[in-house]
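These numbers come from the heavy atoms of this one structure, side chains and all, not from hydrogens, waters or symmetry mates. Numbers for residues simply follow the sequence, beginning at 1. It should be emphasised that the depicted structure is a prediction, and the values quoted were computed from it without experimental measurement.
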Amino acid sequence: MYTYCIGKFWSGCASQVKRGLEILGIGIVDIDSRDCMMLRAEQTPDKAYLEKQGEDYNLVDWYLDVLRKYKDKLLRITRYVVADAWFSKAKFVGEACLLGFHVISRLRDDAALWYAHDGVRTGKRGRPRIKGEKIDFEKLDLQRCEILDIEGGRAYSVKTCSKAMKRNIKVVVHYPESGGHKVYFSTDLEMSAKDITEYYRTRFQIEFCFRDSKQFTGLNDCQARDLRKLDFAFNASLASVNAAKVMRQRYYPSLSIGLLKAYLSNIYMLKRIFSKSGLKPNRTFNAKLIKELFGIVAEAA
């Protein structure tokens, strides 16, 4: 029997293409608490599915279709879409902006950028100038840049014109102490440079949701082959992590997700033992003992 959309996908952990299944995760990140709650998981289609949609249809179009599908729900929460460097493509950025979103992502280190034109007309005939001089990342024009106070190196912010995206964007160029540079950007020209870096850095919080789902709620354990069953399993696993985070924040703030799972498993097992044995323990006498037992087992786990 055929497993839906099984194919070859890039594995970040293995740093190579591997055969299997891939999902797209949509999460909401709280910038202040730096925590992520997963909203939805969509299974990534394989090459055969994309080819059936048309000659010009590719993975970027599929990602945009997913964004359109959940546009109304997402816009009620936020206007900012934070994605990794793969999504810094003209087609994705342009269509996302038409849907009402602003995109925050990272550009290639050798991205072709020009300083945004200040709008002053030269008085000469012909088309008005739309961009200034080309940016040399080794020799930034500091008079055009805003200097940022950032840890671990130097950073500058400037409004630019992107050749690839054919639009003006606001970029933050970060020069880490280890050398080289990284270029972050936002399509919101009025967004502060500090927010651009903070928003992009919190993007990694979604990876912790995937990690916890794999380790504690069985994201990799489903053996189904049908699309609907796989979809249910993926989203049930991620929703379980969301529920665990809410429970931990409300009742057990000192526990990790792993310890919380062990704690709840111990409670369930003990209740099941009492239920099957027919015993009714004196809760007044045994409350302290039971709490200590749960705590010892959870710590050992």
Side-chain angles (χ1 to χ4, degrees), residues 1-29 35-70 73-74 81-89 91-93 95-96 103-106 108 200-245 256-258 260-262 265 301:
M1 184 177 178
Y2 172 73
T3 300
Y4 180 78
C5 281
I6 188 170
K8 293 184 178 181
F9 301 98
W10 175 259
S11 171
C13 295
S15 297
Q16 63 179 354
V17 175
K18 300 186 70 174
R19 179 176 169 81
L21 303 177
E22 183 186 75
I23 58 174
L24 165 69
I26 302 176
I28 296 297
V29 180
D35 197 9
C36 176
M37 300 292 281
M38 298 299 296
L39 294 184
R40 196 67 171 83
E42 292 281 339
Q43 188 175 343
T44 307
D46 59 1
K47 184 178 179 180
Y49 174 90
L50 297 176
E51 291 176 348
K52 289 180 181 178
Q53 307 308 308
E55 183 178 352
D56 298 328
Y57 193 89
N58 55 34
L59 199 54
V60 175
D61 295 298
W62 182 81
Y63 285 131
L64 287 169
D65 286 343
V66 175
L67 195 59
R68 294 187 188 99
K69 181 179 179 181
Y70 300 107
K73 293 181 179 179
L74 292 174
V81 174
V82 184
D84 62 24
W86 189 93
F87 291 88
S88 59
K89 295 175 170 58
K91 186 174 186 178
F92 180 85
V93 173
E95 291 295 327
V103 178
I104 301 171
S105 186
R106 184 170 68 85
R108 289 166 52 113
Y200 187 80
R201 286 178 174 178
T202 55
R203 180 196 66 82
F204 199 77
Q205 294 299 318
I206 197 172
E207 302 297 339
F208 296 137
C209 293
F210 288 131
R211 178 202 64 188
D212 291 339
S213 296
K214 291 178 180 179
Q215 293 182 354
F216 307 120
T217 59
L219 183 63
N220 291 339
D221 296 343
C222 179
Q223 298 183 22
R225 296 174 180 267
D226 180 71
L227 168 63
R228 292 178 299 174
K229 295 176 181 178
L230 287 170
D231 181 75
F232 176 82
F234 294 146
N235 285 282
S237 174
L238 294 170
S240 298
V241 173
N242 289 344
K245 287 184 176 182
S256 65
I257 297 295
L260 178 61
K261 178 185 177 182
S265 298

Over all atoms of both residues, closest heavy-atom pair of [X] and [Y]:
| X | Y | value |
| --- | --- | --- |
| L21 | C5 | CD2-O, 3.7 Å |
| I206 | G25 | CD1-O, 3.5 Å |
| D231 | N235 | O-ND2, 2.8 Å |
| G218 | S237 | C-OG, 4.0 Å |
| W62 | Q43 | CZ2-O, 3.2 Å |
| L74 | L39 | CD2-CD1, 3.8 Å |

Side chain to side chain, [X] and [Y], heavy atoms closer than 4.5 Å:
| X | Y | value |
| --- | --- | --- |
| T44 | Y49 | no |
| L64 | F92 | yes |
| I23 | L230 | no |
| T217 | I257 | no |
| L24 | V66 | yes |
| V241 | L219 | no |

Once rounded to the nearest 0.5 Å, what's the spacing between atom [atom1] of [X] and atom [atom2] of [Y]?
| X | Y | atom1 | atom2 | value |
| --- | --- | --- | --- | --- |
| R40 | I28 | CZ | CD1 | 14.0 Å |
| D46 | I6 | CG | CD1 | 9.5 Å |
| N242 | M38 | CG | CE | 7.5 Å |

Of all pairs that satisfy ring pair (Phe, Tyr, Trp, His ring centres under 6.0 Å), the ones with a partner from residues 209-238, not counting sequence neighbours: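 For residues 209-238: none.
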Show, in sequence, the C-alpha distance, side-chain angles and deciding distance for Y63 and F87, and conclude whether the ring pair (Phe, Tyr, Trp, His ring centres under 6.0 Å) test is met. CA-CA 9 Å; Y63 285 131; F87 291 88; 4.9 Å; yes
Contacts of type salt bridge (Lys or Arg N to Asp or Glu O under 4.0 Å), residue R19, not counting sequence neighbours: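 Scan of R19 (salt bridge (Lys or Arg N to Asp or Glu O under 4.0 Å), adjacent residues dropped) gives none.
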How would you list, by chain and number, every residue that makes a salt bridge (Lys or Arg N to Asp or Glu O under 4.0 Å) with K245, sequence neighbours excluded?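 K245 satisfies salt bridge (Lys or Arg N to Asp or Glu O under 4.0 Å) with D35 only.
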Using ring pair (Phe, Tyr, Trp, His ring centres under 6.0 Å) as the criterion, list what pairs up with F9, not counting sequence neighbours.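 Per chain and number, F9 pairs via ring pair (Phe, Tyr, Trp, His ring centres under 6.0 Å) with no residue.
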Which residue pairs pass the salt bridge (Lys or Arg N to Asp or Glu O under 4.0 Å) test when at least one of the two sits in residues 51-68, sequence neighbours left out?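 Matches after skipping sequence neighbours: D61-K91, D65-R68, R68-E95.
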Per the side chain to side chain donor-acceptor pair (under 3.5 Å) rule, what does the pair list look like for residues 204-213, sequence neighbours excluded?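 Non-adjacent pairs meeting side chain to side chain donor-acceptor pair (under 3.5 Å): zero.
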